[in-house]
Asks: 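Encoded as structure tokens, here's the structure I'll be asking about.
Below, chain A is the first sequence line, B the second, and so on; all start at residue 1.
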Amino acid sequence: MKGESALQVAQVIVDVPTRQTNSPFSYSIPDHLADQIQPGMRVQVPFGHRKITGFIVGITDSSSFDGKLKPIADLIDLYPVINPELLDLAQWLADQTYSFKISCLQTMLPGGMRTKSKKKLIAKNQQICAKYPEIFHGEPEIEYDRQQFDNQTLAEILKLQKMGDIRVEYNLTNHARPIMLKAYSGNLDQQEIQAALKTVRKNAIGQIKLLKTLSQHPNDTLLLTKWESMGVTAGTLKTAEKKGWVSATLKRHVRNPFLREVAPTKPFELQPDQQKAVSSIEKAVSQKKDQVFLLEGVTGSGKTEVYLQSIAHALAMGRTALMLVPEITLTPQIVGRIRSRFGDQVAMLHSAMSSGERYDEWQRINQGKAKVVVGVRSAVFAPLTNIGLIIMDEEHDSSYKQADNPRYQTRDVAKWRAAYNHCPVVLGSATPSLESRARAMKGVYTLLSLPHRINQHALPHVSIIDMKTEMAKHHSALSTKLADAIQVRLDKHEQVILLLNRRGYSAFLMCRDCGYVPRCPNCDISLTMHKDTHTLNCHYCGHKEPVPTVCPKCHSKRIRFYGMGSQQLEEQVKNMFPTARVLRMDVDTTRKKGSHEAIIDKFGAHKADILLGTQMIAKGLDFPEVTLVGVLNADSALQFPDFRSSERTFELLTQVSGRSGRADKTGEVIIQTFNPDHYAIQLAKTQDYEKFYATEMRVRHDGKYPPYYYTVKLTGNSPSENQTASEMFGIMNFLKKNLSPNAIILGPTPKTITRINNHYYYQIIIKYRKEPHLKATLDDILVQSQKKQRQGLQIAIDNEPLDFM
DNA sequence: AGCACGCCGACT
DNA sequence: GTCGGCGTGCTC
């Protein structure tokens, strides 16, 4: 105790995601930690009977808690991992997304830093250990995992623990660790080296080599691998260490996630439109204005150069920059361009990196060594300070919205950080989201546009094939026109991209005689065919079963698969064009780290003629040899009961059309569809965003959809359909009572896929323009549902969902 | 989350 | 009468 000096109390958010533990708990700070502890550090604290992780969110003089405070058990971090800005942001995010504060704090850290708590059971002595082989299997201590014991053994363990025969130990481990490499540095000056050289025997080759190397690198700490590459073995170094010639240290190895080296580049000369955009952005950076720009520009209009020069300006002002991109692996070119301009100041964060690489990059940012961060969604929480500019490329992309808790929209977080740091945000897109474009029209955002393609490349010729008439003729996935066009390219040694719009489109099994389709026993969907493992899989719960050879219902042998997955398409294309080299890119072929880039490189080097795959090939790829893009099923997204399906279809088609015809050769795009007259498809053909915007806004207005209305989606699920339905009706009534009559409450309705893993899902959609009580009402619902959770009911709230499905 | 406390049924 | 089922509440 420090006598009269104010008693310091740490406010800790504990790692227990429940409503009751969603505000800070007070802990006393032990003397030996008093001068180290800071807000934003993680600690271990006693909580009830166990020890858990928590985040220090504040240090105060007193506590409102009347009981006796427990002391903090230990520090996990030596420096704050959440800076003051992010601490504030976490609170806002929790409110905004109706999630627990601990979940928000946790998502701000790179995955590998999340602590895992492990429980160990330790027998008091040998007798206990020997007496309960069903628990200990002869070992003095075991790792405890609830699932491994049945209820009876569990009760026994509990009893033994009470009697003190078994001790429980809690261990918290950090997943990602820095890689430490052994290194040696010399202790001798040149004279001592010469002296030592005289004392060693003539045939001590290793020692002589070592001393000579030492004299060439007098002050360096060289890694063991470096020594070895110079012919000095680990053994020799050990001996030298004993003699005091060298000392061993551990050197932190920073993993380098950049697969290839890039040559530095200079800024390009800007076109007038680009110059205008850069000037406006620079002005906002200089004036520290948290202005939001919408940079609208077709593919090839030079958006990236605008980003780069604006970032350069922010750096020149002594500030940092954050650039967000959708799934970064899809745009290695962009990363390459940024690195070539800003070199080692760039840190990169994305999901295809190993957790160790992400950890190292994150550390570089947190230590202020990286000034520019390029990354996907979660990089919006990068621990940069003094941000001067935030860029969000392809701002309409759906990967910017997180699908599970906290369900945040990256754009909103970016705007929050911009306001905090007094810096502008640039939202870039060829096909802005209607929300953003509508705000630009209202003057909330500043619209900057780049209407011209650099180099004046002609737009590709786009044609639309009506698959209804095509299917009447034959049953191939490729229309005659597309097949002919492919053959022409193959003859001319040009490349082709075939895009399969995969959503909800995969191979399933069906009996030709009775129409039987195998379905998942746990979920309400049909099983999909996986040819590689030769199983029927459920995409929702992971259920697998062997492929039947006879129909289980009518015993017919004519049970075949239908539909088209990318595997089937690959086979069909190979059959039609036996000499063509075909590459497939989808979730299956890109699972392995680096395989994504490998495929892109291979195709880019023209080692294949046809690249076929799902959405992932639609974005950001630039292959000059590609002169034909075929979209096999343009409208599979249109069939979803979702108000954004037109927008998605238009985006996708516009994007792939930009993929073709960028080089000297004019490109061609062939779109196959069952809805050739749909406006999304017709307007994509002419790349007419303006008309699409106007048409779609009308639809949204009439249907009372965003951006005219705000939306919230409430989903409930439980093992009992009756319970789910009745609880959701209760919630609907509660909403009706508490919201104004202007609010539109839809549902509850069963979700499109009602049953997943034997849980029944119902949802309610709320559409509104102004509801001051909405937040409080929804918070109330969450508090009340906490009690029902024990009966298996789970309620999820998605603020501004991307879909209504 | 994970456990203790506490109130009801089927048993030594 | 007790043992143990799991519904409820608490953890600084």
Asks: Kindly write out the residues that satisfy side-chain contact (heavy atoms from CB on, under 4.5 Å) with Pro719(A), not counting sequence neighbours, or none if the list is empty.
Replies: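 With sequence neighbours excluded, Pro719(A) shows a side-chain contact (heavy atoms from CB on, under 4.5 Å) to His759(A), given in chain and number order.
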
Asks: Applying side-chain contact (heavy atoms from CB on, under 4.5 Å), can you list everything that pairs with Asn799(A), at least two apart in sequence or on another chain?
Replies: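 Partners of Asn799(A) under the side-chain contact (heavy atoms from CB on, under 4.5 Å) test: Gln96(A), Tyr98(A), Val712(A).
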
Asks: Figure out the CD/P separation between Gln786(A) and dT8(C), and round it to whole Å.
Replies: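 Gln786(A) atom CD is separated from dT8(C) atom P by 13 Å.
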
Asks: I'd like a list of close polar pairs between nucleotides 10-12 of chain C and the protein, N/O only, cut-off under 3.5 Å.
Replies:
from, atom 1, to, atom 2, distance (Å)
dT11(C), O3', Gly48(A), N, 3.0
dC12(C), OP1, Pro46(A), O, 3.3
dC12(C), OP1, Gly48(A), N, 3.2
dC12(C), OP2, Lys70(A), NZ, 2.4
dC12(C), O3', Ser26(A), O, 3.0
dC12(C), O3', Lys70(A), N, 2.6
dC12(C), O2, Ser26(A), N, 2.5

Asks: NZ of Lys787(A) versus C1' of dG7(C): gap in Å, rounded?
Replies: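 Going from Lys787(A) (NZ) to dG7(C) (C1'), I get 13 Å.
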
Asks: Glu727(A): which residues meet the side-chain contact (heavy atoms from CB on, under 4.5 Å) condition with it, sequence neighbours left out?
Replies: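 For Glu727(A), the residues satisfying side-chain contact (heavy atoms from CB on, under 4.5 Å) (neighbours in sequence not counted) are Gln723(A), Lys788(A), Leu793(A).
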
Asks: Residues in side-chain hydrogen bond (donor to acceptor under 3.5 Å, both in side chains) with Glu800(A), at least two apart?
Replies: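 Checked Glu800(A) against side-chain hydrogen bond (donor to acceptor under 3.5 Å, both in side chains); matches are Thr711(A).
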
Asks: With sequence neighbours excluded, what pairs up with Pro80(A) under the side-chain contact (heavy atoms from CB on, under 4.5 Å) test?
Replies: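 Only Gln38(A), Met41(A) meet the side-chain contact (heavy atoms from CB on, under 4.5 Å) criterion with Pro80(A).
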
